[in-house]
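Start at 1 with the first residue, then count along the sequence.
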Amino acid sequence: MGCNTSEKGLIRNNRILFVDDEENVTSIMNMMLEGLGYEVTSHADGAKAYEDFTQRPDGYSLVICDQVMPGMSGMDLLEKVRGVSPETPVILCTGYTSDELQEQVKKKSVSAVLTKPFAMQKLARVISTVLDNAYETQAYGCAS
């Protein structure tokens with residue numbers, strides 16, 4: 001017998017936590033994400049975003065964060081988010097890629113990587129794929 005998805009907290013809402021230290025990027029991403037129908041909470045600081053996330057970990061379906069930020073990198077934030085809510089998908093945004101970053105992405109199970117700049121259509125596809133995969137993983141994981 002399967003489980004009730006509301007009991008397991010599967011993709012509970014359309015709220016995204018977005019984190020980037022650049023104000024212009026945050027502004028544009030807020031418009032893009034809201035244009036796609038998501039509710040967005042943005043932070044310019046990884047530590048503040050993490051604090052917000054811990055206050056309501058069931059309040060977000062997805063975290064999208066920049067990799068390079070002062071104080072707390074996107075990878076550091078991913079680790080902290082997963083420590084609180086292992087099932088929450090995290091998309092990492094980066095302006096550059098390296099072999100080291102690719103290795104970290106594999107080790108830390110980053111849900112997806114978006115290389116800047118990217119078009120709204122690509123953002124929509126990646127979010128849809130990540131949320132679909134998270135839902136399927138959680139749904140299959142709850143069958144008993």
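- From Asp21, atom CG reaches atom CG of Asp45 across 9.0 Å, with rounding to the nearest 0.5 Å.
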Checklist line | Check against side chain to side chain contact (heavy atoms under 4.5 Å, CB included), Val81 and Tyr60 | finding: CA-CA 11 Å; Val81 164; Tyr60 296 103; over 6 Å; no
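- Listed by chain and residue number, Tyr50, Phe53, Thr54, Pro57 satisfy the side-chain contact (heavy atoms from CB on, under 4.5 Å) test with Val84 (two or more places apart in sequence, or in another chain).
- Sorted pairs that involve residues 24-34 and meet salt bridge (charged side-chain N to carboxylate O under 4.0 Å, His left out), not counting sequence neighbours, are lacking altogether.
- Within the structure, the salt bridge (charged side-chain N to carboxylate O under 4.0 Å, His left out) test picks out the following pairs touching residues 63-86 (sequence neighbours left out): Asp66-Lys116, Glu79-Lys108.
- With hydrogens and angles ignored, the 3.5 Å screen pairs no side-chain donor or acceptor of Thr88 with any backbone N or O of Leu62.
- Atom CG of Leu92 is separated from atom CD of Gln67 by 5.0 Å, given to the nearest 0.5 angstrom.
- Between Phe18 and Thr26 the shortest heavy-atom distance is CE2-CA, 3.8 Å.
- Closest heavy-atom contact between Met69 and Val19: SD-CG1, 3.6 Å.
- Taken to the nearest 0.5 Å, the CD atom of Glu136 stands 6.5 Å off from the CG atom of Asp132.
- Panel note: side chain Ser111, backbone Val90; a donor-acceptor pair is recorded below 3.5 Å.
- Defined by atom type and a distance below 3.5 Å, a donor-acceptor pair is present between the side-chain atoms of Thr41 and Arg15.
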Notebook entry, point to check: What's the verdict on side chain to side chain contact (heavy atoms under 4.5 Å, CB included) for Leu33 and Ile64, showing C-alpha distance, side-chain angles and the deciding distance?
Noted result: CA-CA 11 Å; Leu33 292 166; Ile64 302 174; 4.2 Å; yes
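- With Asn14 contributing its side chain and Gly37 its backbone, the two residues share a donor-acceptor pair below 3.5 Å.
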Under 3.5 Å, which donor-acceptor pairs do the side chains of residues 118-127 form with other protein atoms, sequence neighbours left out?
none

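- Taking OG of Ser128 as the start and CG of Leu36 as the end, the distance is 10.0 Å to the nearest 0.5 Å.
- Residues satisfying the salt bridge (charged side-chain N to carboxylate O under 4.0 Å, His left out) test with Glu51, not counting sequence neighbours, are none.
- Annotation: side-chain hydrogen bond (donor to acceptor under 3.5 Å, both in side chains) contacts of Glu22 (sequence neighbours excluded): none.
- His43 contributes atom NE2, which lies 12.5 Å from atom SG of Cys65 (distance to the nearest 0.5 angstrom).
- Note that OG of Ser42 and CD1 of Ile16 are 9.5 Å apart. Values are rounded to the nearest 0.5 Å.
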